[in-house]
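In what follows, chains are A, B, ... by sequence order, proteins preceding strands, each numbered from 1. Hydrogens, waters and symmetry mates play no part in the numbers below; they use all other heavy atoms, side chains included.
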Amino acid sequence: MRSKFKTEYMGRTVVTVVGLMIIAITLLITVFLVQKGAQTFTVLKYSVSQFFTDTKWDPFMSADDPKGSVGALTFIIGSIYVSFLALLFATPFAVACAIFITEISPKYGKKMLQPAVEIFVGIPSVVYGWLGFSVLCPFIAKIFNMPFGGEGLLSAAIVLSVMIFPTITTVAIDSIRNVPSEYKQASYGLGATRLQMIWHTSLPAAKQGILTGIVLGLARAFGEALAVSMVIGNKITIPKNILSRTSTLTTIIANQMGSAPDGTGMADSIWSMGLLLFVISFLFILMIRIIGKEREDKGAEK
Amino acid sequence: MSCKLLVENLNLYYSDIQALKDINMGIDEKKITALIGPSGCGKSTFLKTINRMNDLIPGVRITGKMTLDGEDIYSSSNDVTLLRKRVGMVFQKPNPFPVSIYDNIAYGPRRHGLKNKGRLDEIVEKSLKDSAMWDEVKDKLKKSALSLSGGQQQRLCIARALAVEPEVILLDEPTSALDPISTFKIEDLMQTLKETYTVIIVTHNMQQATRVADKTAFFLLGDLIEYDETEVIFTNPQNPKTLEYVSGHFG
């Protein structure tokens, strides 16, 4: 009896409990974030539309002085600009790199390039930030003749693009590798050149996987705080051009949390921005699910 | 009878393993030639040397000569994409692209630079008619090719090969994954195809060879053992090994 308990039920029980715990923790975090994030609007009575459409960011910091404004539009726009700019820089490189590794030179790619790409993932973001701050920003400042240093949207987007590049590449490699070799043979058999095969057969067949990689990269870009904060300039204004200093949802949280006593407008609006980031990442995951489902449906059409 | 394809002293090596040994044969124009033999005998390898699909496998080395209408297939001046346009191929497993029926057929012509919509429409219709599929699919050209049955998919692959107007069609066990009715349709189709094209088929199924082929070549362990009229191969073979194989003693 005891041995059966050990071999069968114990393992299952442990795994079930761990699984339930993860679900419970996720739910608790969600409930807590929603409750805290909503306080800005429910308890402190700031308007939701102000949060989303106003650029005036001046929440009160002590309970004696309950006024101010929680307009987070600057950070929302900052996050969107810097993430999509990073995506714009990273995607062509990532897809080209994935094509090289899978189709052009699998031997050299697998041995040298892929490990190199994987190392990128392991570098801590503070190192990226420091490199950006001490190498990239002076360089940008020199090129564009910026007397107060090169921190700004462009520097942040470049640093971020290096950080999300391996994510997109790795996922793209997997999806291009998973394209059935029958498609490639059919393409070659009809007299297609290698480039035509890649462009008209491999890439379309791997499209969903590559899109998933792009969304994952976007999610990572949206969520990165430290490295971005080190090179973006941290000015609370909507960027006027690509070189402007600005802030994002993540950098403002990282920079202001020290001066946000509990119960103040500052603290609660930080919670609200945390909630917003949570909702955005949830939407990204939803997108990945939808893309994945499309792929399954296509495969099941047979 | 003129030889479309002439093979002289052809040897093929996968790294250090010799897969084809000193093959000499001439393949007749507008006939069906069947390549038979047990698994691993080199018949599929031989088929793939004709359109240079073996180029895609690392470590393949070829010596000897193979000429199509007198042009050396393996000379460095020969454009391999042009060769594959002249020598179409249909694979063992139906492999339509996961796009519409129309786009499958148009794939080849488009890669060879055809953009004109009207001309593409004509080619799609003609290819589907030539592969006896037009009536089945004319109303659903925009539908996914993957919605077709296995037998239809294979005929679509034949139509797709025809769309680039080849001269030779290579069939690599085209019916081994299909049911008897689909098999019959494809065998029937082959009889029409040979009026226009030179057809070379690899088959595991000896009855199929007797049903469709004008000439049959028997391969064993990389050697071409015997090559003759199909009737001779199956009723009065000159080599005892051929007799053993066609009478079912091994394979």
So with a 6.0 Å cut-off around NZ of A/Lys107, is the heavy-atom count from everything else above 12? no
State, to 0.1 Å, how close A/Tyr183 and B/Phe97 come at their nearest heavy-atom pair, and which atoms those are. O-CE2, 3.3 Å
Which residues in residues 184-202 of chain A have any heavy atom lying under 4.5 Å from a heavy atom of chain B? A/Gln185, A/Ala186, A/Ser187, A/Tyr188, A/Gly189, A/Leu190, A/Gly191, A/Ala192, A/Thr193, A/Gln196, A/Met197, A/His200, A/Thr201
Not counting sequence neighbours, which residues clear ring pair (Phe, Tyr, Trp, His ring centres under 6.0 Å) with A/Phe222? List them please. A/Phe284
Please flag which part of B/Pro109 lies under 4.5 Å from any non-hydrogen atom of chain A: side chain, backbone, both or neither. neither
Could you pull out all donor-acceptor pairs under 3.5 Å where a side-chain atom in residues 163-170 of chain B meets a protein atom, sequence neighbours excluded?
residue, atom, partner, partner atom, Å
B/Glu167, OE1, B/Lys4, NZ, 2.8
B/Glu167, OE1, B/Arg86, NE, 3.4
B/Glu167, OE1, B/Arg86, NH2, 3.1
B/Glu167, OE2, B/Arg86, NE, 2.9

Crowded around B/Ile181 CD1? As in, over 12 foreign heavy atoms under 6.0 Å? no
Specify which of B/Lys48, B/Lys85, B/Arg160, B/Arg52 makes the most heavy-atom pairs with chain A at under 4.5 Å. B/Arg160
Over 12 foreign heavy atoms within 6.0 Å of OH, A/Tyr81: no
Residues pairing under salt bridge (Lys or Arg N to Asp or Glu O under 4.0 Å) where one sits in residues 108-119 of chain A, two or more places apart or in two chains, turn out to be none
Under 4.5 Å from any heavy atom of chain A, what part of B/Leu56 do you find: side chain, backbone, both or neither? side chain
If you count heavy atoms of other groups shown closer than 6.0 angstrom to OH of B/Tyr13, is the number above 12? yes
Heavy-atom count around B/Ile17 CD1 within 6.0 Å, excluding the residue itself: above 12? no
Chain A contact via B/Arg110 - side chain, backbone, both or neither, heavy atoms under 4.5 Å: neither
